[in-house]
2 protein chains.
Amino acid sequence: MSETHNEAGAELLEVVPQLMRAIRDHMRQHRAADLSVPEFRTLGFLDQHSGTSLIAVADHIGLSPASMCRLMDGLVERCLVTRERKFDAVDRRYVTLELTARGRAILKSARATTQAYLAEVLAALSPAERATVVQAMQLLNPLFTSEREKERMLAREHDGHF
Amino acid sequence: MSETHNEAGAELLEVVPQLMRAIRDHMRQHRAADLSVPEFRTLGFLDQHSGTSLIAVADHIGLSPASMCRLMDGLVERCLVTRERKFDAVDRRYVTLELTARGRAILKSARATTQAYLAEVLAALSPAERATVVQAMQLLNPLFTSEREKERMLAREHDGHF
DNA sequence: TATTGTTATACTCTATAACTATA
DNA sequence: TATAGTTATAGAGTATAACAATA
């Protein structure tokens, strides 16, 4: 366990909570979209994986199935997502989740607003510095996907499920 | 608002919540220290700013004074922090917050454990890649300190308070 | 009047456990 | 038996508002 490992770890531990708080506070203040961070991420996942199942979303976002189920209740109630049980499905235990037109619109608007806020803050950096940030995020991204999701993605390759 | 701003913003929005969840989940699982992320950060701040006030900590961590007061109740109850009203103080509205020996020990242990976890994950990166991560965090750190804390640090220069 | 800190209260987020339906 | 999803319940975390003491 070298010094550089620990230095990077220490920096993450210092900075990530601040970043997270800034993002969360911004989203909370911005009443237009009225999405929590997990709700926002859920809509983003459904946008890219239309028709996916509850457990798949839960694994990706990192929530328990029960919590995701409740979160989804809220999204369905607000008409941002449709949740269907298809009785002619191959496996009738699965539910089919899709964005509505309204869900797509809200996602787009929330994404634009939050990215604009972040862009404003990041404007203090030089283009080269921003490139460093992008690069770091791309390095970190694959390291912190949940074990469950990795298993699911492997299983998908074999089964062709979803 | 150039493309690079938005790209960096988009990456942050994608990756930061995942990082945060990994950190939080790890801390929650690790029952030894039994600290939430804000509690951990609070101890860290008190370690570096011994004798500071409630509002100063609240501003730094990004919690309302009321929430920080409750969080501090818990730390005091667990004998990790002392909270004193000094009746010979210059300004008797302020409270004096300090780590106990136990608080310092718990902080050190929690920091070691979490950094070890992160180091393990970051071991998948090359030294150069880890350096990129460190650099990015150091760039982001000053950008996301709260407005209130900036004001407070300016005021401190004038007043010599704390 | 303004600020520090506290208490009261309520709401959001999340997890665990127990359950149903399907495989 | 095992898995997908749901419901019930409880706990953590946080905010707002109202308040006390001090400036």
Side-chain angles (χ1 to χ4, degrees), chain A residues 17 20-21 24-25 27-29 31 34-42 51-78 81 83-97 146 148 151-152 155-156 159 161-162, chain B residues 17 20-21 24-25 27-29 31 34-42 51-59 61-78 81 83-97 148 151-152 155-156 159 161-162:
Chain A
M20 190 60 198
R21 181 159 295 275
R24 174 163 85 54
D25 288 355
M27 280 201 166
R28 189 161 297 185
Q29 276 175 16
R31 280 273 158 249
D34 198 29
L35 296 172
S36 70
V37 173
E39 283 172 342
F40 172 76
R41 294 185 67 215
T42 298
T52 193
S53 73
L54 187 85
I55 298 285
V57 192
D59 285 350
H60 177 80
I61 304 299
L63 283 182
S64 67
S67 297
M68 180 50 76
C69 188
R70 280 203 36 173
L71 186 155
M72 208 60 80
D73 288 346
L75 295 178
V76 169
E77 202 177 321
R78 280 178 280 167
V81 170
R83 173 170 48 185
E84 285 182 76
R85 288 208 118 95
K86 301 200 170 164
F87 286 96
D88 58 345
V90 185
D91 186 333
R92 291 192 350 202
R93 290 173 303 179
Y94 287 85
V95 98
T96 297
L97 299 165
S146 75
R148 276 193 189 165
E151 287 165 24
R152 180 164 301 274
R156 202 163 80 182
D159 298 6
H161 204 92
F162 295 134
Chain B
M20 188 62 197
R21 180 159 296 276
R24 173 163 87 54
D25 288 355
M27 280 203 166
R28 188 161 299 185
Q29 276 175 18
R31 279 274 157 249
D34 199 28
L35 296 172
S36 70
V37 174
E39 283 172 342
F40 172 76
R41 295 184 67 215
T42 297
T52 193
S53 72
L54 187 84
I55 299 285
V57 193
D59 285 350
I61 305 298
L63 282 182
S64 68
S67 297
M68 182 49 77
C69 188
R70 280 199 38 171
L71 185 154
M72 208 60 81
D73 289 345
L75 296 178
V76 169
E77 202 177 322
R78 280 178 280 168
V81 170
R83 173 171 48 185
E84 286 183 75
R85 288 208 118 94
K86 301 200 168 164
F87 286 97
D88 58 345
V90 186
D91 186 333
R92 292 190 351 201
R93 290 173 303 180
Y94 287 84
V95 100
T96 297
L97 299 166
R148 274 194 190 164
E151 288 165 23
R152 180 165 300 274
R156 201 163 82 182
D159 298 6
H161 205 92
F162 295 133

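Proteins get letters first, then strands, A, B, ... in listed order; numbering begins at 1 in each. No experiment lies behind these values; they were computed from the predicted model shown.
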Any side-chain N or O of [X] less than 4.0 Å from the OP1 or OP2 oxygen of [N]?
| X | N | result |
| --- | --- | --- |
| A/S36 | C/dT12 | no |
| A/S67 | C/dT14 | no |
| A/S53 | D/dG5 | yes |

Could you tell me the separation between the [atom1] atom of [X] and the [atom2] atom of [N], rounded to a whole number of Å?
| X | N | atom1 | atom2 | answer |
| --- | --- | --- | --- | --- |
| B/Y94 | D/dA23 | OH | C1' | 10 Å |
| A/M72 | C/dT14 | CE | P | 13 Å |
| B/I55 | D/dA21 | CD1 | P | 17 Å |
| A/E77 | C/dT12 | CD | P | 12 Å |
| A/D73 | D/dT7 | CG | P | 6 Å |
| B/L54 | C/dT3 | CG | C1' | 12 Å |
| A/R28 | C/dC11 | CZ | C1' | 10 Å |
| B/R85 | D/dA23 | CZ | P | 10 Å |

Please check: side-chain N/O of A/R85 versus main-chain N/O of A/R93, any donor-acceptor pairing under 3.5 Å?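 Yes: the side chain of A/R85 pairs with the backbone of A/R93.
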
5'-most contact on DNA chain C (nearest-nucleotide basis), B/A66 vs A/A89, goes to B/A66

So which one's nearest nucleotide on DNA chain C is more toward 5', B/R21 or B/T96?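 Nearest-nucleotide comparison on DNA chain C picks B/T96.
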
Tell whether B/R70 reaches the base of D/dT14 with its side chain through a donor-acceptor pair below 3.5 angstrom.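 In this structure, the two groups form a donor-acceptor pair.
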
May I ask you to verify whether the side chain of B/R93 and the base of C/dT3 hold a donor-acceptor pair under 3.5 Å?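 Indeed there is one.
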
Indicate yes or no: at least one non-hydrogen side-chain atom of B/M68 is less than 4.5 angstrom from one of B/L71.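 B/M68 vs B/L71: side chains touch.
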
With heavy-atom distances below 4.5 Å as the criterion, would you say the side chains of B/L63 and A/R21 are in contact?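 Side chain of B/L63 against side chain of A/R21, heavy atoms only: contact under 4.5 Å found.
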
Between D/dT14, C/dT6, C/dC13, which nucleotide has the shortest distance from any of its atoms to the side chain of B/R83?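 Selected nucleotide: C/dT6.
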
Taking the side chain of B/V95 as heavy atoms from C-beta outward, which of C/dA15, C/dT6, D/dT14 is closest to it?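 For B/V95, the side-chain atoms sit closest to C/dT6.
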
Heavy-atom closest pair, residues A/M20 and A/V37: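 Scanning both residues, the minimum pair turns out to be CE-CG1, 3.8 Å.
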
Rounded distance (nearest 0.5 Å) linking atom CZ of A/R83 with atom CG of A/L75: 9.0 Å

Sugar-phosphate only, base, or nothing, as touched by A/L71 at under 4.0 Å among non-hydrogen atoms: nothing

